[in-house]
Novice: 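Can you keep this structure in mind? I'll have questions shortly.
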Amino acid sequence: MKAKTLIVTTLVAALLGSGAALASDRMRHNEVLQLRESGQIMAMEEIMTRARQEQPGHLIEAELEREDGRYTYELKILDAEGRVHELEMDAATGRVLKRKIKD
């Protein structure tokens, strides 16, 4: 199944917690809102809280992806030493599925 991706900038990350979303050409904002309201995905605010517990730093990119019927958030976080940490988190549970460090 082809992946759907929603790129969320740091400026709109907080808006997802209140139900607003950023539209893309692959996934419409109303789809994201419906997923949030139905409980299929967690709010970006809650995902960020969990991500900060795993990896302190500054959010530089966030994506909501759907592959094989599963939604995940992919977050890129810049740490104090200038390294980028990529966390893939289950969008429904907030559990970290994968973790990488890019120099």
Novice: What I'd like to find out is whether the side chain of Asp79 reaches to under 4.5 Å of the side chain of Val84, using heavy atoms alone.
Specialist: no

Novice: With sequence neighbours left out, write down each residue that passes side-chain hydrogen bond (donor to acceptor under 3.5 Å, both in side chains) with Glu88, or none if nothing qualifies.
Specialist: none

Novice: When rounded to the nearest 0.5 angstrom, what distance separates CD in Glu54 from CZ in Arg95?
Specialist: 11.0 Å

Novice: Can you measure from CD (Glu67) to OG1 (Thr72) and round to the nearest 0.5 angstrom?
Specialist: 6.0 Å

Novice: In Å, rounded to the nearest 0.5 Å, how long is the span from NE2 of His85 to CD1 of Ile101?
Specialist: 4.5 Å

Novice: For Arg52, give me all partners under salt bridge (Lys or Arg N to Asp or Glu O under 4.0 Å), at least two apart in sequence or on another chain.
Specialist: none

Novice: Keeping Asp90 on the side-chain end and Gly94 on the backbone end, is there a donor-acceptor pair under 3.5 Å?
Specialist: no

Novice: Tell me every residue that passes side chain to side chain contact (heavy atoms under 4.5 Å, CB included) with Glu86, counting only those two or more places apart in sequence or in another chain.
Specialist: Glu74, Lys76, Lys100, Lys102

Novice: Tell me every residue that passes side chain to side chain contact (heavy atoms under 4.5 Å, CB included) with Met42, counting only those two or more places apart in sequence or in another chain.
Specialist: Glu46, Ile47, Arg50

Novice: Listed by chain and number, what are the side-chain hydrogen bond (donor to acceptor under 3.5 Å, both in side chains) partners of Gln53, not counting sequence neighbours?
Specialist: none

Novice: Determine whether more than 12 heavy atoms belonging to other residues, nucleotides or ligands lie under 6.0 Å from atom CD of Gln40.
Specialist: yes

Novice: List in chain and number order the residues that pass salt bridge (Lys or Arg N to Asp or Glu O under 4.0 Å) with Glu37, two or more places apart in sequence or in another chain; answer none if no residue qualifies.
Specialist: none

Novice: Side chains of Leu97 and Arg70, heavy atoms from C-beta outward: is any pair under 4.5 Å?
Specialist: yes

Novice: How close do Tyr73 and Ala43 get, heavy atom to heavy atom, and via which atoms?
Specialist: OH-C, 4.4 Å

Novice: Arg99 and Leu87: which non-hydrogen atoms are nearest, and at how many Å?
Specialist: CG-CD2, 3.6 Å

Novice: With rounding to the nearest 0.5 angstrom, report the CG to CZ distance, Leu35 to Arg66.
Specialist: 8.5 Å

Novice: What's the separation between atom CE in Met44 and atom CG in Leu75, rounded to the nearest 0.5 Å?
Specialist: 6.0 Å

Novice: Which heavy atom of Ile77 sits nearest to which heavy atom of Ile60, and what is that distance?
Specialist: N-CG1, 4.4 Å

